[in-house]
Amino acid sequence: MPSRQIRETVAALMPRAQSELAELVAFQSVADFAQYPKSESEAAARWVADALRAEGFTDVALLDTPDGTQSVYGFLPGPEGAPTVLLYAHYDVQPPLDEAAWVSPPFELVERDGRWYGRGAADCKGGVLMHLLALRALKADGGVPVSVKFIAEGSEEQGTGGLERYAEAHPELLRADSIVIGDSGNFRVGMPTVTSTLRGMTMLRVQVDTLEGNLHSGQFGGAAPDALGALIRVLDSLRGEDGSTTVDGLDGEQTWDGLQYPEDAFRGDAKVLDGVELIGSGTVADRIWARPAVTVLGIDCPPVLGATPSVQAGARALISLRVPPGVDAAEATKLLSAHLEAHIPWGARLRVDQIGQGQPFRADTASPAYAAMAEAMRVAYPGEEMQYAGQGGSIPLCNTLAALYPQAEILLIGLSEPEAQIHAVNESVSPDELERLSVTEALFLRKYAVGKTS
């Protein structure tokens with residue numbers, strides 16, 4: 001049977017996929033060029049471009065996007081009259097954070113306990129390999145039945161919008177009948193899941209100044225306004241007593257009606273320490289998929305080691321606000337900025353700079369592409385039915401694509417299930433999930449092509 005051939009081909013390709021993923025993970029492609037060499041990202045982009053050429057893609061190009069990064073584009077023509085499917089992933093990654101906390105080096109793919117560990121293994125260099133495996137399986141079983149556009153972004157993790165702005169300036173480039181975003185994940189390993197909503201995001205850098213320079217805390221402390229103390233006060237105003245996000249004027253009572261996330265399961269996935277309470281109210285699904293969530297990502301202040309007895313003259317923080325579907329990210333940004341200005345204590349000087357922003361997303365799950373995906377997942381995951389879940393993270397490109405191509409059907413799948421621990425230390429990917437989702441995507445492309453041409 002065709003589906004059996006697809007499964008057998010993908011299984012046979014897995015050793016090659018592991019080797020290729022190791023090559024791709026080795027690039028330190030963090031799109032923050034103040035921390036990591038731009039050459040590492042450029043080398044990763046060239047790797048993806050070479051992989052596309054090897055698979056017969058034409059018009060392969062490195063696109064210089066407005067944020068100074070490169071996206072990789074390629075086109076694989078299909079049979080005459082076939083629909084066009086856009087496959088998306090990103091090759092940039094988050095910084096490894098505390099490298100000493102990694103069991104194995106972050107930019108080295110290491111197999112351990114049935115998983116492959118390395119920064120970007122799941123998010124989202126594994127997504128690049130998932131697309132390649134699906135296409136290879138189809139080529140070995142009669143050919144790819146659709147025309148394929150492939151785009152690999154180079155700055156998704158930074159939220160700087162390079163590909164979004166490029167797509168807006170070149171609207172025909174990514175036009176497709178269906179779009180598969182390979183940057184989400186199953187709700188659980190072995191539970192086939194499409195992500196139907198994404199929270200948007202706004203990111204602000206906050207600078208607080210109170211003095212011309214630091215002062216001796218013994219001589220001036222108690223009357224001199226402490227900038228770090230002022231920053232702590234204003235950041236604390238963003239949360240209620242239970243930890244709920246409390247931005248003046250921003251609705252925080254939305255609910256999630258779909259697949260639920262048991263609290264015990266969430267505690268285990270998040271590795272919450274014994275005795276520590278979860279924050280917020282409502283169900284876990286309400287909190288992480290349907291409501292806004294503020295996070296202080298970092299604070300610039302003196303480290304404990306080497307600190308002096310001084311009243312701080314200035315301090316700054318980086319704040320992220322996740323925005324649920326139904327809320328405009330630009331309006332949320334205005335509300336967050338106004339809240340900070342209203343709650344800054346002691347007349348301290350406040351400067352707020354917007355660093356990034358992306359709109360939330362809600363998919364049309366009634367479209368034919370979702371029926372094809374459900375059928376494909378049923379075959380790739382025997383005995384399981386496709387589930388719909390939200391995702392608290394943001395993929396700003398989704399809304400850009402939805403706006404540019406309102407008739408396109410957009411689906412989100414991927415390798416970032418909870419055990420993957422994306423953005424954290426010891427990120428990993430399940431090779432079983434990579435194999436099954438590659439089978440899923442291949443079967444989807446075949447079923448989608450039949451449905452669109454019949």
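Given the structure is predicted, the values throughout are model-derived calculations rather than measurements.
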- Query: Okay, side chain of R287, backbone of I279: is any donor-acceptor separation there less than 3.5 Å?
  - Reply: yes

message = Do T195 and I395 make a side-chain contact, defined as non-hydrogen atoms from C-beta onward lying under 4.5 Å apart?
response = no

d(Y91 OH, E153 CD) to nearest 0.5 Å is 9.0 Å

Closest non-hydrogen atoms of Y36 and E99, given as atom of the first, atom of the second and distance, are OH-OE2, 4.1 Å

Please evaluate residues T193 and R188 with respect to the criterion side-chain contact (heavy atoms from CB on, under 4.5 Å), reporting the C-alpha separation (whole Å), side-chain torsions for both, the decisive distance (0.1 Å), and the verdict.
CA-CA 8 Å; T193 310; R188 284 272 173 270; over 6 Å; no

Over 60° means perpendicular and under 30° means parallel, so classify the ring planes of Y88 and H90, tilted if in between. tilted

Tell me, with the steps shown, if E433 and N186 meet side chain to side chain donor-acceptor pair (under 3.5 Å). CA-CA 9 Å; E433 289 288 74; N186 287 341; 2.7 Å; yes

Review point. Below 4.0 angstrom, N of the basic side chain to O of the carboxylate: do D236 and R233 qualify?
Key: no

With the side chain counted from C-beta on, respond yes when F444 and I413 share a heavy-atom pair under 4.5 Å apart, and no when they do not.
no

Task: Polar side-chain atom of Y370 near backbone of I410 as donor-acceptor pair, under 3.5 Å - done: yes

Q: Answer yes if the ring centres of Y73 and F57 are under 6.0 angstrom apart, and no otherwise.
A: no

Does Y405 reach the main-chain N or O of P171 with its side chain, forming a donor-acceptor pair under 3.5 Å? yes

Closest non-hydrogen atoms of T58 and P77, given as atom of the first, atom of the second and distance, are OG1-CD, 4.1 Å

If we count only N and O atoms by modelled type, under 3.5 Å, do the side chains of Q18 and E111 hold a donor and an acceptor together? yes

Report task. Could you tell me whether K149 and E172 make a salt bridge, using a distance below 4.0 angstrom between a side-chain N and a carboxylate O? Result -> no

query: Can you find a pair of side-chain heavy atoms, one from M130 and one from L434, that are under 4.5 Å apart?
result: yes

Between the CG atom in L235 and the OG1 atom in T295, the distance rounded to the nearest 0.5 Å is 11.5 Å

Sub-4.5 Å side-chain heavy-atom contact between T69 and T160
no

Check: Would a 4.5 Å heavy-atom cut-off, applied to side chains only, mark Y166 and P66 as touching?
Finding: yes

Exercise for review: Keeping the roles fixed (side chain from K139, backbone from E55), state whether a donor-acceptor pair exists under 3.5 Å.
Suggested key: yes

Value for CZ (R16) from CG (L129), rounded to nearest 0.5 Å, stands at 9.5 Å

Decide whether D286 and Q254 meet the rule of one side-chain donor and one side-chain acceptor closer than 3.5 Å. no

* Using atom types as modelled and distance alone, determine if a side-chain donor or acceptor of R119 lies under 3.5 Å from a backbone N or O of V425. => no

| message | Has W47 got a side-chain atom pairing as donor or acceptor with D50's backbone, closer than 3.5 angstrom? | response | no

Next item on the list: Could you give me the CA-CA distance, side-chain angles and deciding distance for L335 and E331, then say whether side-chain contact (heavy atoms from CB on, under 4.5 Å) is met?
Entry: CA-CA 6 Å; L335 292 173; E331 179 62 23; 3.9 Å; yes

Heavy-atom nearest pair, G392 first then R199, reads O-NE, 3.1 Å

Compute whether any side-chain donor of one residue and acceptor of the other, for D177 and Y448, lie under 3.5 angstrom apart.
no

Closest heavy-atom pair, T9 versus A137, reported as atoms and distance to 0.1 Å, is CG2-CA, 3.7 Å

Original post:
Do T246 side-chain atoms and R239 backbone N/O form a donor-acceptor pair below 3.5 Å?
Top reply: yes

OH (Y117) and CG (L109) are apart, to the nearest 0.5 Å, by 11.5 Å

Should N426 and Q421 be marked as a side-chain contact (heavy atoms from CB on, under 4.5 Å) after you check the CA-CA gap, both sets of side-chain angles, and the distance that decides it? CA-CA 7 Å; N426 298 312; Q421 293 290 288; over 6 Å; no

Begin with the C-alpha distance, continue with both residues' side-chain angles, and end with the deciding distance and a verdict on side-chain contact (heavy atoms from CB on, under 4.5 Å) for V189 and D432. CA-CA 9 Å; V189 170; D432 292 337; 5.8 Å; no

Of all heavy-atom pairs linking T84 and A176, the shortest is O-CB, 3.5 Å

Original post:
Are Y381 and L437 side-chain neighbours, meaning at least one heavy-atom pair lies under 4.5 Å?
Top reply: yes

Taken to the nearest 0.5 Å, the spacing of Q391 CD from S196 OG works out to 10.5 Å

- Task: Would you confirm whether T333, through its side chain, and T202, through its main-chain N or O, come within 3.5 Å as a donor-acceptor pair?
- Result: no

Note to self: Tell me if a side-chain donor or acceptor on E427 pairs with a main-chain N or O of D123 at a distance below 3.5 Å.
What the structure shows: yes

Using side-chain heavy atoms (C-beta onward) and a distance below 4.5 Å, is V30 in contact with Q158?
yes

Exercise for the section: May I ask you to decide if G314's main-chain N or O and D209's side chain share a donor-acceptor pair within less than 3.5 Å? Expected result: no

### Task
Mark yes when over 12 heavy atoms from residues, nucleotides or ligands other than R349 sit less than 6.0 Å from its CZ; otherwise mark no.
no

Rounding to 0.5 Å, atoms CD (E441) and CG (L138) come to a distance of 9.0 Å

Worksheet item: Can you tell if the side chain of C398 reaches within under 4.5 Å of the side chain of L198, non-hydrogen atoms only?
Response: yes

From the list L318, L350, I299, side-chain contact (heavy atoms from CB on, under 4.5 Å) partner of V206 resolves to L350

Taking every heavy atom of L24 against every heavy atom of A44, the minimum-distance pair comes out as CD1-O, 4.2 Å

